Amino acid sequence: MKIATWNVNSIRARLPRVLEWLEAARPDVALLQEIKTVDEGFPRLEIEELGYNVAVAGQKTYNGVAILSRFPIEDVTAALPGDAGDGQARYLEAVTGSDGLLIRVASIYLPNGNPVDSEKFPYKLRWMERLCDHVRGLLNFEEAFVLGGDYNVAPDDQDIYDPERFADDALCRPETRERFRTLMFLGLTDAYRAFHPGEIGYTYWDYQGGAWQKDFGLRIDHLLLSPQAADLLTASEIDREPRKKEKPSDHTPIWCELKKRGS
DNA sequence: ATGCCGGGCGAAGCCCGA
């Protein structure tokens, strides 16, 4: 089962890119972020025509996440627990797969948190703490799950093209990295890092200043696996092709492959 | 020091992203 995550930066503006990527990369499950539309505006029919079921947690103008799957999508939860007053559509969780391989997945758009002297930074940190609390609960089930998305966290300096320039950025502030480590130390596996230790693997390049051409990138999109999912992990790669196209998203997809034992 | 680019909204120019 191939599970991919991609911050598309508007599903409506990006629909041609998304459709050609689905046909070329053929993920079984695609976790999308920043769809920037309400549920009714999601181009459901075009995507269903390619053989996907669709679950959406939309929002007008900002945020919004979705799950696409070739398998039935069940047990859908459209909010991260821990703050009933949080109206930002940044979390969508569901169970999908076949009898042989049933996986819980979440599409995550973790708050950016900049500028750090605004209320956005504590919101990010609280959101990360809520995510940790929720993951602790999920781990108790001892099931396979994949939490994919735009975490807006560069876990280490090797994940930034210019660490000094980003030292005080919400993506890599010590408070941010501390909470990300807390999350990882619950027992999660970073799928890309599991196969590419020490390797540069960016997933985002700013539209400005020729960042893509200069490879001035960041690794902020991640697929985090429970121990039961990590046991099935056979590959994980960053797909740079969509970032090369006309009118691209500023992020590019990453994916991982899970194989049922004995298959 | 700030904008650079690009999307949404809405019909010009501002807000936001990372």
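Owing to the predicted nature of the structure, the values given are computational and were not obtained by experimental measurement. The sequence lines fix the lettering, A, B, ..., with proteins before strands; numbering per chain opens at 1.
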Give me the distance, rounded to whole Å, that separates [N] from [M] when you measure between the [atom1] atoms they each carry.
N: B:dG10; M: B:dC16; atom1: P; value: 15 Å
N: B:dG6; M: B:dT2; atom1: P; value: 22 Å
N: B:dC15; M: B:dA11; atom1: C1'; value: 16 Å
N: B:dA1; M: B:dA12; atom1: P; value: 35 Å

Whole angstrom is fine here: how far is it from [atom1] in [X] over to [atom2] in [N]?
X: A:K36; N: B:dC9; atom1: NZ; atom2: P; result: 9 Å
X: A:D250; N: B:dG8; atom1: CG; atom2: C1'; result: 14 Å
X: A:Q59; N: B:dC15; atom1: CD; atom2: C1'; result: 14 Å
X: A:R243; N: B:dG6; atom1: CZ; atom2: P; result: 9 Å
X: A:Y204; N: B:dA18; atom1: OH; atom2: C1'; result: 4 Å
X: A:R12; N: B:dC9; atom1: CZ; atom2: C1'; result: 11 Å
X: A:H251; N: B:dG6; atom1: NE2; atom2: P; result: 15 Å
X: A:R90; N: B:dG17; atom1: CZ; atom2: C1'; result: 10 Å

So [X], base contact, sugar-phosphate only, or nothing? Heavy-atom distance under 4.0 Å.
X: A:D169; answer: nothing
X: A:K120; answer: sugar-phosphate
X: A:D221; answer: nothing
X: A:Y109; answer: sugar-phosphate

Check A:L223 against A:G148 and note the closest heavy-atom contact, atom names and distance.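 Scanning both residues, the minimum pair turns out to be CD2-CA, 3.8 Å.
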Check this one for me: any side-chain N or O of A:N7 less than 4.0 Å away from OP1 or OP2 of B:dA18?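 For B:dA18, OP1/OP2 do have a side-chain N/O of A:N7 under 4.0 Å.
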Would you say A:N152 reaches B:dA18's phosphate, i.e. side-chain N/O to OP1/OP2 under 4.0 Å?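 A:N152 to B:dA18 OP1/OP2: side-chain N or O found under 4.0 Å.
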Considering the options A:L183, A:T182, A:L224, which one meets the side-chain contact (heavy atoms from CB on, under 4.5 Å) requirement together with A:L131?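 Answer to the side-chain contact (heavy atoms from CB on, under 4.5 Å) test with A:L131 among A:L183, A:T182, A:L224: A:L183.
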Reference residue A:Q33; test side-chain hydrogen bond (donor to acceptor under 3.5 Å, both in side chains); the match among A:N152, A:N9, A:T5, A:D221: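 Of the listed options, the one satisfying the test is A:T5.
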If you pin A:R14 and A:P111 to their nearest nucleotides in DNA chain B, which one's is more 5'?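 Mapping each residue to its closest nucleotide by heavy atoms, the 5'-most match is A:R14.
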Closest-nucleotide mapping onto DNA chain B: is A:K60 or A:R165 further toward the 5' terminus? I mean the 5' end.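 The answer here is A:R165.
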Return the nearest nucleotide to the side chain of A:L218; candidates are B:dG8, B:dC5, B:dA18.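 Shortest atom-to-atom distance from the side chain points to B:dA18.
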Options B:dC9, B:dG6, B:dA18, nucleotide nearest the side-chain atoms of A:Y207: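 The closest nucleotide is B:dG6.
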A:H222 vs A:F180 aromatic rings, parallel, tilted or perpendicular, using cut-offs 30° and 60°?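 It falls in the tilted class, 30° to 60°.
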Can you check side chain to side chain donor-acceptor pair (under 3.5 Å) on A:D169 and A:N114, steps first, answer last? CA-CA 7 Å; A:D169 192 284; A:N114 281 308; 2.9 Å; yes
Is the closest side-chain donor-acceptor distance between A:E93 and A:H134 under 3.5 Å?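 Side-chain D/A pair, A:E93 to A:H134: present.
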